[in-house]
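To start, the structure under review is shown below, and the notes come after it.
One-based numbering, in listed order, for ligands and for the atoms of each. Bear in mind that the values here come from a model prediction, so they are computed numbers and not experimental data.
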Amino acid sequence: MKAFEYVRATSVASATEHLGSTAEERRVAKAGGIDILDLAKEGIVSPSRLVDLSRIEDLGAVDFDRSGTTLGAGLTLARLATDERIRREYPALAQAAAEAATPQIRSRATLGGNLCQRPRCWYFRNEHLPCLKKGGSACPALEGENQYHAIFGVRPCPMVHPSNLAVALLALGTTVHVHGKQGSRHVPIEEFFISPETDVLRETCLAPDEIVTSIRLAAPEGTSAYGEIREKQSFDWPLVSCAVAGTPGGEIRIALGAVAPVPRRATEAEAAVKGTRITPELAAKAAEAAFAAATPLSKNGHKVKVGKALVTDLLVKIGG
Ligand SMILES: Cc1cc2nc3c(=O)[nH]c(=O)nc-3n(C[C@H](O)[C@H](O)[C@H](O)COP(=O)(O)OP(=O)(O)OC[C@H]3O[C@@H](n4cnc5c(N)ncnc54)[C@H](O)[C@@H]3O)c2cc1C
Ligand code: SF4
């Protein structure tokens, strides 16, 4: 790991002041440090300055009010997984947090860091292998070991977004609150993640001086659930994940994870279950619709089958 400057920010304003205005300045935020320290040790990023957000009190705030809930970006996954009110009102979010990583990691890893973590693609994570996302000219995964890669939107870069929480938040319908030197802005979660087609070098819409300060969830309506299928039951990233939220018999939002470079709304499946009672047959039909447009790579066709089973199960579960 190369030497870098370390700054402990004491407020949101001071954090953004310490961050650079351009990517070339290589000043990056650190929250729990789970991913950023790995990336630095692995030689994938080489910060000139780490700006530590972990002591900023405002980022740890939780506010439940009549119209919804604001959750600070510094809340740990352990807190999200165990908070009684989050479990009751936004079960998909609590379940997504509970399924991520290990208890030790969940006790450090934060909401903001989880949304902003970098891809787990093994070519990307190997400092000796060039790829588009590191400024190279080709993607070795397209013809290579792509069993964990995307089955939607596979070109130019079939990475999958690794965040469990992003999937739950997409289904729940969330706004991401961001602060930078120019002030604050509120970004719908659909617009927060940037696909490789738009810019292969970035995963989020954040400018170099911006941080996520909180997320805002509307007051819960109906119910929600999150599920994932992974190869092993101890810590692992999902092969496919899914979150559903809404009112059975009314509107249901369905989000898929680990199948595309950004968390994906399954709008075809949503249309199939809208305004009607969810039977197992209808759930299976909706799951077919969710994966009808998939274009798997040479080694990941299994994700289609696994994904359909997961979507069917979750729809049946919330449909009662
Ligand atoms: C063994 C293992 C298994 C895992 N399994 C899963 C899993 O199943 N599901 C899952 O979702 N994750 C999984 N993870 C990933 C883990 O959850 C993330 O690495 C963690 O949530 C990152 O949070 P952090 O606070 O430590 O972020 P950091 O490592 O501090 O930061 C991560 C990135 O986010 C940026 N960042 C941090 N906070 C902010 C902010 N407020 N605003 C803007 N940018 C910010 C940093 O600059 C950095 O680029 C796993 C990790 C490991 C090591
Ligand atoms: S999938 Fe994306 S991150 Fe992985 S090797 Fe290809 S370009 Fe790089």
Side-chain angles (χ1 to χ4, degrees), residues 9 12 15-16 19 27-40 44-45 47 50-54 56 58-59 72-78 80 96-102 104-126 129-146 148-150 154-168 176-180 192 196 200-201 203-215 228 230 234-239 241 257-258 261 263 297:
V12 168
T16 55
L19 287 167
R27 297 179 182 180
V28 293
K30 172 208 156 282
I34 302 290
D35 196 35
I36 194 65
L37 296 180
D38 264 2
L39 289 161
I44 311 303
V45 299
L50 268 193
V51 180
D52 192 347
L53 312 179
S54 63
I56 302 176
D58 290 352
L59 298 185
L75 292 168
T76 63
L77 303 195
L80 298 175
E99 294 276 349
T102 64
Q104 292 89 338
I105 291 171
R106 291 195 293 274
S107 72
R108 294 289 310 162
T110 64
L111 167 56
N114 189 269
L115 295 180
C116 298
Q117 60 178 304
R118 304 297 312 275
R120 301 305 305 186
C121 170
W122 40 31
Y123 295 104
F124 173 75
R125 294 267 165 172
N126 185 325
L129 296 177
C131 88
L132 292 178
K133 205 166 243 317
K134 291 182 287 191
S137 58
C139 166
L142 283 171
E143 303 300 329
E145 295 302 319
N146 49 41
Y148 300 118
H149 287 73
V154 299
R155 287 178 194 277
C157 156
M159 61 159 278
V160 292
H161 200 281
S163 166
N164 283 18
L165 300 189
V167 179
V176 183
H177 293 190
V178 164
H179 187 84
F192 181 74
V200 77
L201 299 176
E203 289 95 44
T204 72
C205 68
L206 293 179
D209 64 315
E210 285 182 321
I211 62 167
V212 177
T213 51
S214 61
I215 58 145
E228 62 179 49
R230 48 185 191 243
S234 64
F235 69 87
D236 204 359
W237 278 267
L239 278 176
S241 63
L297 297 164

*Is a salt bridge present between D236 and R120, judged by a nitrogen-to-oxygen distance below 4.0 Å?*
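Salt bridge between D236 and R120, a charged N being under 4.0 Å from a carboxylate O: no.
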*Considering only heavy atoms, which of A31, C116, P47, S241 lies nearest to atom 45 (C) of ligand 1?*
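Of the listed residues, C116 has the closest heavy atom.
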*Given S214, G74, A109, A166, which has its nearest heavy atom closest to atom 20 (C) of ligand 1?*
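It is A109 whose heavy atom sits nearest to atom 20 (C) of ligand 1.
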Does ligand 1 come near enough to [X] that some N or O of the ligand is less than 3.5 Å from an N or O of the residue?
X    : result
P238 : no
L206 : no
D38  : no
V28  : no
I34  : yes
G33  : yes
D236 : yes
K30  : no
L77  : no

*For the residue pair Y148 and W122, does the interplanar ring angle fall in the parallel (under 30°), tilted (30 to 60°) or perpendicular (over 60°) class?*
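Rings of Y148 and W122: perpendicular, over 60°.
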*Mode of P162 contact toward ligand 1 - side chain, backbone, both, neither (heavy atoms, under 4.0 Å)*: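 For P162, only backbone atoms sit under 4.0 Å from ligand 1.
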*Specify side chain, backbone, both or neither for L115, according to which of its non-hydrogen atoms lie closer than 4.0 Å to ligand 1.*
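Answer for L115: neither.
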Starting from [atom], locate the nearest protein heavy atom and write down its residue, its atom name and how far away it is, to 0.1 Å.
atom                    : value
atom 29 (O) of ligand 1 : D35 N, 2.7 Å
atom 53 (C) of ligand 1 : I105 CD1, 3.5 Å
atom 3 (S) of ligand 2  : F124 CB, 3.6 Å
atom 9 (N) of ligand 1  : N164 OD1, 2.9 Å
atom 42 (N) of ligand 1 : V212 N, 2.8 Å
atom 8 (Fe) of ligand 2 : C131 SG, 2.3 Å
atom 13 (C) of ligand 1 : W237 NE1, 3.3 Å
atom 46 (C) of ligand 1 : A29 O, 3.0 Å
atom 17 (O) of ligand 1 : N114 ND2, 3.2 Å
atom 37 (C) of ligand 1 : G113 CA, 3.5 Å

Check whether [X] reaches the backbone of [Y] with its side chain - one donor and one acceptor, N or O, closer than 3.5 Å.
X    : Y    : result
K134 : F124 : yes
R125 : P119 : yes
K30  : S54  : no
D35  : R118 : yes
N114 : S163 : no
K133 : Y123 : no
T76  : S107 : no

Within-4.5 Å side-chain heavy-atom neighbours: [X] and [Y]:
X    : Y    : result
L297 : P158 : yes
N164 : S241 : no
L111 : L80  : yes

*Minimal non-hydrogen separation, L50 against A29, with atom names*: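 Closest approach of L50 to A29: CD2-O, 4.5 Å.
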*Shortest non-hydrogen separation from I56 to V12 and the atoms involved*: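 Looks like CG2-N, 3.8 Å.
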Just which atoms of ligand 2 are under 4.0 Å from any heavy atom in [X]?
X    : value
L132 : 7 (S)
P158 : 1 (S)
Y123 : 5 (S)

*Does ligand 2 have a heavy atom under 4.0 Å from the side chain of C121, from its backbone, from both, or from neither?*
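The side chain, only.
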_Restricting to N/O/S atoms, is C139 within less than 2.8 Å of atom 2 (Fe) of ligand 2 or not?_
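It does not: C139 brings no N, O or S atom closer than 2.8 Å to atom 2 (Fe) of ligand 2.
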*Are there more than 12 heavy atoms of other residues, nucleotides or ligands under 6.0 Å from atom CZ of R230?*
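Yes, enclosed.
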*side chain to side chain contact (heavy atoms under 4.5 Å, CB included) evaluation trace for R155 with L142*: CA-CA 8 Å; R155 287 178 194 277; L142 283 171; 3.4 Å; yes
*Which ligand 1 atoms does L53 reach within 4.0 Å, using its non-hydrogen atoms?*
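In order of number, 38 (N), 39 (C), 40 (C), 41 (N).
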*Would you say P119 touches ligand 2, if touching means a heavy atom closer than 4.0 Å?*
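The answer is no, since P119 has no heavy atom less than 4.0 Å from ligand 2.
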_Quick check on atom 4 (Fe) of ligand 2: does C157 put an N/O/S atom closer than 2.8 Å to it?_
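So C157 does not bind atom 4 (Fe) of ligand 2 by this criterion.
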*Evaluate the side chain to side chain contact (heavy atoms under 4.5 Å, CB included) criterion for residues L75 and T110: first the C-alpha distance (whole Å), next the side-chain angles of each, then the deciding distance (0.1 Å), finally the verdict.*
CA-CA 5 Å; L75 292 168; T110 64; over 6 Å; no
*Take I215 and L115, measure what side chain to side chain contact (heavy atoms under 4.5 Å, CB included) needs, and give me the verdict at the end.*
CA-CA 11 Å; I215 58 145; L115 295 180; 4.3 Å; yes
_Under 4.0 Å, counting heavy atoms only: does L111 come that close to any atom of ligand 1?_
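Distance cut 4.0 Å: L111 fails for ligand 1.
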